[in-house]
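This report concerns only the one structure given below.
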Amino acid sequence: MSMLTRRRPEARSTRRREGSKRPRSTRRSFWIGVAFASPFIVGFFGLFAYPILASGYYSFTDFNLFQSPDWVGLDNYEQMANDDVFWKSLANTLVLAVMGVPLTIAIALGGAHLLNTPIKGQPLYRAVIYLPSIIPIVVGGYLWRWLLNTQYGFVNYFLSWFGISGPSWLQEPDWTKPAIVLVVLWTVGGTMIIYLAALKDVPHELYEAASIDGAGPWRRFLNVTWPTVSPVTLFQVIVCLIAYLQIFTEPYVLAQERLNNISSGPDQSMLTYAMYLYQNAFVYLKMGYASAMAWVLFIVTLIVTLVVLASSKRWVHYGSK
Amino acid sequence: MALSDTQIVTDAGSPRELPAAKRRPKILRRLRQHALVIVLAAVFIFPLLVMVSTALKAPQDVFSSPPSLIPSEWTFDNFTKAFDQIPVWRYLGNTMLVAGLSVVGTALSCPLVAYALSKVKWVGAKPLFIMVLATMMLPPQVTLIPLFLIWNGLGATNTYLPLVVPAFLGTPFFIFLIRQFLMNVPDDLIEAARLDGASELRTYATIVLPIARPAIVTAAVFQFVWAWTDFLNPLIYLNDESTYTLSIGLYAFFGENDVAWGPLMAACTMFTIPALIIFLIGQKFFIGGISAGALK
């Protein structure tokens, strides 16, 4: 019975597939596809394709909002090479990424590992750790400004319990970057949950086999856990790197004194690339220069991503399953 | 070898058969694990407790040194002051309007495009998918300035159009998410409806939409939180105080020389609560959604 009923639609669908090779029906499905995709097609040309071309054009012009763009060739790019603030912002951003990405990966994987064991109330812990990721970044920023306050903040107070006299986080150029990374790390929950899902896929027999071979917890982690989650790690490293290269709101909120006021921390130590780009575009109205900066950011992102991908052959293990 | 063999046997056996000496370390390990997880969770939630407790503190308590979590006197004064200093209701309403319309836009547009990518057999599906992926990878800074110029040219600054219209045209990340979901739905189901003579739109509305609901809800919840917490776009497009969303409205608490921390934390608390409610309602979708997007 079931065999019979199951076979019939199959037969029909092959007939239909043959039928759909007929040009008229292809033409029909083409227009159906276009109709369903139309919001994105409009969006693609209006919000992506045209703006990309325009941005490329502006990057070769001198352009403030009030006059039409004036072609200057490679001037913007040359100016960038000689702009100390540009280099400072790029260096700040790279320092943040170099500090932040490994810490994010380590804490996310460590936390996921800890949560992966069957612990009572696990969904609750998971939710609590993810919670900061949905808090408005502005709120998180203000909150941490308060927590990092040298007189009234909890961070240095807790450090004093251990006999450590904490730094003035947001006043000393050397400490502002750790402060930014700390605020970002508070939202590591999303990364941790991706790891948690990946860890659930690690075959249990592998751990047992490793135990039988006398592997301790650290060996088990290195030989079983790490290789299994390495493809996910590659994804996380790339996503996290890109996020750090574009970081804007956290440093802006931590540094800024008032809305639309230019401040970038002591000795411009909190000025990230995206912040400097924003300042050039919307405060100094140097739209051409900012567009050129956007393209350089795109190229830097591309290069960094490709380098990570190239290196991944050495450390990412794709399972044989 | 013989030793490890016995190891397996004892591990597999029921705990009652284990000698007491072997069980205790396991209990200790469990306790240690619990303690670590609790500490981890406490670190993540602590800042939020500070926010709420500061919001409920009397002025003299706010600047206590050393800081304390428990107010010596509970008061709602900071909330009253927050309402005096900024139009909290208006900003909440503005933010709600932006987030709400963005959610409607996402729920209307993204499944349509995802359907065209996964279940309509047409030559455009592949190029369209490449377009979606390409737009996902482009840094938003590249399009930032031309987009501002377009909206500015249309006279749409200080309106919510620049914040909301893009959602109606499909967000690549959500299109991708829903498409991945639909790829796992067997074609037969949709074919069957088409064979019954249902129009394409009807098939979409009666078969595809209900099936894809988990993915659409995930996208909607994410979109709400993104729009609710967005900072850069309101900063760029909204200059008139009456149009401010909470993200940028909170700046009013920063005076020339000092910051009104009590009222600021009260406003932050009110800003957080709606996102929190959405999070609690959508938690299942949220947490499932993040891992689905990354692992598939």
key: Test side-chain contact (heavy atoms from CB on, under 4.5 Å) applied to B/W261 and A/Y152, step by step   = CA-CA 11 Å; B/W261 281 106; A/Y152 315 112; over 6 Å; no
inquiry  = One pair to check against side-chain contact (heavy atoms from CB on, under 4.5 Å): B/M265 and A/L143. What are the steps and the verdict?
reply    = CA-CA 8 Å; B/M265 288 298 135; A/L143 199 46; 3.7 Å; yes
ask   = Given A/Y278 and B/L144, is the side-chain contact (heavy atoms from CB on, under 4.5 Å) satisfied, shown in steps?
value = CA-CA 9 Å; A/Y278 167 83; B/L144 192 70; 5.6 Å; no
request  = Step by step, work out the ring-ring contact (aromatic ring centres under 6.0 Å, His included) result for B/F253 and A/Y142.
outcome  = CA-CA 11 Å; B/F253 293 107; A/Y142 293 147; 8.7 Å; no
request  = Could you go through the side-chain contact (heavy atoms from CB on, under 4.5 Å) check for B/T229 and A/I135 one step at a time?
outcome  = CA-CA 7 Å; B/T229 61; A/I135 304 297; over 6 Å; no
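Minimum interatomic distance between B/I150 and A/G46 (heavy atoms only, all atoms of both residues): CD1-O, 4.0 Å. Taking all atoms of both residues into account, the shortest heavy-atom contact from B/Y251 to A/V253 is OH-CA, 4.4 Å. Closest of all the heavy-atom pairs between A/Q151 and B/S65 is O-OG, 3.1 Å. The two residues A/A127 and B/F279 come nearest to each other via the heavy atoms O-CZ, 3.7 Å. Summarising the geometry of A/G153 relative to B/P67, their closest heavy-atom pair is O-CG, 3.6 Å, with the distance given to 0.1 Å. The shortest heavy-atom contact between A/P51 and B/P146 is O-CG, 3.2 Å.
Only the side chain of A/F44 has a heavy atom closer than 4.5 Å to any heavy atom of chain B. Both the backbone and the side chain of B/M51 come within less than 4.5 Å of a heavy atom of chain A. Looking at A/F40, both its backbone and its side chain come within 4.5 Å of chain B, counting heavy atoms on both sides. For A/S291, the parts lying near chain B are the backbone and the side chain together; criterion is any non-hydrogen pair under 4.5 Å. Only the side chain of A/W144 comes within less than 4.5 Å of a heavy atom of chain B; its backbone N, CA, C and O stay farther away. There is no contact between A/I242 and chain B, counting heavy-atom distances below 4.5 Å. Both the backbone and the side chain of B/L36 come within contact range of chain A, each with at least one heavy atom under 4.5 Å from a heavy atom of that chain. When heavy atoms are compared at a cutoff of 4.5 Å, B/V142 approaches chain A by way of both its backbone and its side chain. With a threshold of 4.5 angstrom between heavy atoms, A/V138 approaches chain B through side-chain atoms but not through N, CA, C or O. For chain B, the nearby parts of A/F298 are the backbone and the side chain; heavy atoms of each come within less than 4.5 Å. For B/L246, no part lies near chain A; criterion is any non-hydrogen pair under 4.5 Å. Contact annotation for A/V34: both backbone and side-chain heavy atoms come within less than 4.5 Å of a heavy atom of chain B. Residue contact with chain B, scored on non-hydrogen atoms closer than 4.5 Å, involves the backbone and the side chain of A/I134 alike. Both the backbone and the side chain of A/Q246 come within contact range of chain B, judged by heavy atoms closer than 4.5 Å. For chain A, the nearby part of B/I236 is the side chain; its heavy atoms alone come within less than 4.5 Å. Using a 4.5 Å cut-off between heavy atoms, B/T54 touches chain A through its side chain atoms alone. Of the two parts of B/V113, the backbone and the side chain both hold a non-hydrogen atom closer than 4.5 Å to a non-hydrogen atom of chain A. At a 4.5 Å heavy-atom cutoff, the contact between B/I175 and chain A is made by side-chain atoms alone. For A/Y195, no part lies under 4.5 angstrom from a heavy atom of chain B. For A/F158, the part lying under 4.5 angstrom from a heavy atom of chain B is the side chain only.
The shortest distance between side-chain heavy atoms of A/F36 and B/L117 does not fall below 4.5 Å.
Your options are A/Y50, A/W295, A/F48, A/Y57, and the one with the most heavy-atom pairs under 4.5 Å with chain B is A/F48. Contact tally against chain A (heavy-atom pairs below 4.5 Å) for B/V123, B/V43, B/L128: the top residue is B/L128. Interface summary for chain B: among A/L53, A/I52, A/I32, the most heavy-atom pairs under 4.5 angstrom belong to A/I32. In terms of heavy-atom pairs under 4.5 angstrom with chain A, the leader among B/T171, B/L108, B/L264 is B/L264. Comparing A/I107, A/V128, A/V139, A/L185 by how many heavy-atom pairs each has under 4.5 Å with chain B, the most go to A/V139. Here B/P139 is the residue among B/P139, B/A41, B/A125, B/S64 with the most heavy-atom pairs under 4.5 Å with chain A. Contact count against chain A (heavy-atom pairs under 4.5 Å) is highest for B/S247 among B/C110, B/S247, B/P111, B/A134. Among A/T301, A/I137, A/L297, the residue with the largest count of heavy-atom pairs under 4.5 Å with chain B is A/L297. The most heavy-atom pairs under 4.5 Å with chain A, out of B/V225, B/L48, B/L250, come from B/L48. The most heavy-atom pairs under 4.5 Å with chain B, out of A/T117, A/T305, A/L277, come from A/T117. The residue among B/V120, B/L69, B/L112 with the most heavy atom pairs within less than 4.5 Å of chain A is B/L112.
Evaluation of the salt bridge (Lys or Arg N to Asp or Glu O under 4.0 Å) rule for B/K121 yields B/D187 as partners, not counting sequence neighbours.
Below 30°, between 30° and 60°, or above 60°: for A/W146 and B/F63 the angle between ring planes is above 60°, a perpendicular geometry. The aromatic rings of A/F154 and B/F46 sit perpendicular, their planes meeting at an angle over 60°, well past the 30° parallel limit.
Separation of atoms OH (A/Y125) and CD1 (B/I38) is listed at 3.5 Å; rounding is to 0.5 Å. The line from OH of A/Y289 to CD1 of B/I145 is 12.0 Å long, rounded to the nearest 0.5 Å. The CG atom of A/L131 sits 5.5 Å away from atom CG of B/L276, with the distance rounded to the nearest 0.5 Å. Rounded to the nearest 0.5 angstrom, B/R30 CZ and A/I119 CD1 are separated by 7.0 Å. Atoms NE2 and CD, on A/H113 and B/Q33 in that order, are 8.5 Å from each other to the nearest 0.5 Å. Atom CG in B/D230 sits 7.5 Å away from atom OG1 in A/T249 (nearest 0.5 Å).
The side chain to side chain contact (heavy atoms under 4.5 Å, CB included) test with A/L47 is passed by exactly one of B/T135, B/L169, B/V165, B/T143: B/L169.
For B/E241, the CD atom counts as loosely surrounded, since its 6.0 Å shell holds 12 or fewer non-hydrogen atoms of other residues, nucleotides or ligands.
Side-chain rings of A/Y130 and B/F44 stay apart, their centers remaining 6.0 Å or farther from each other.
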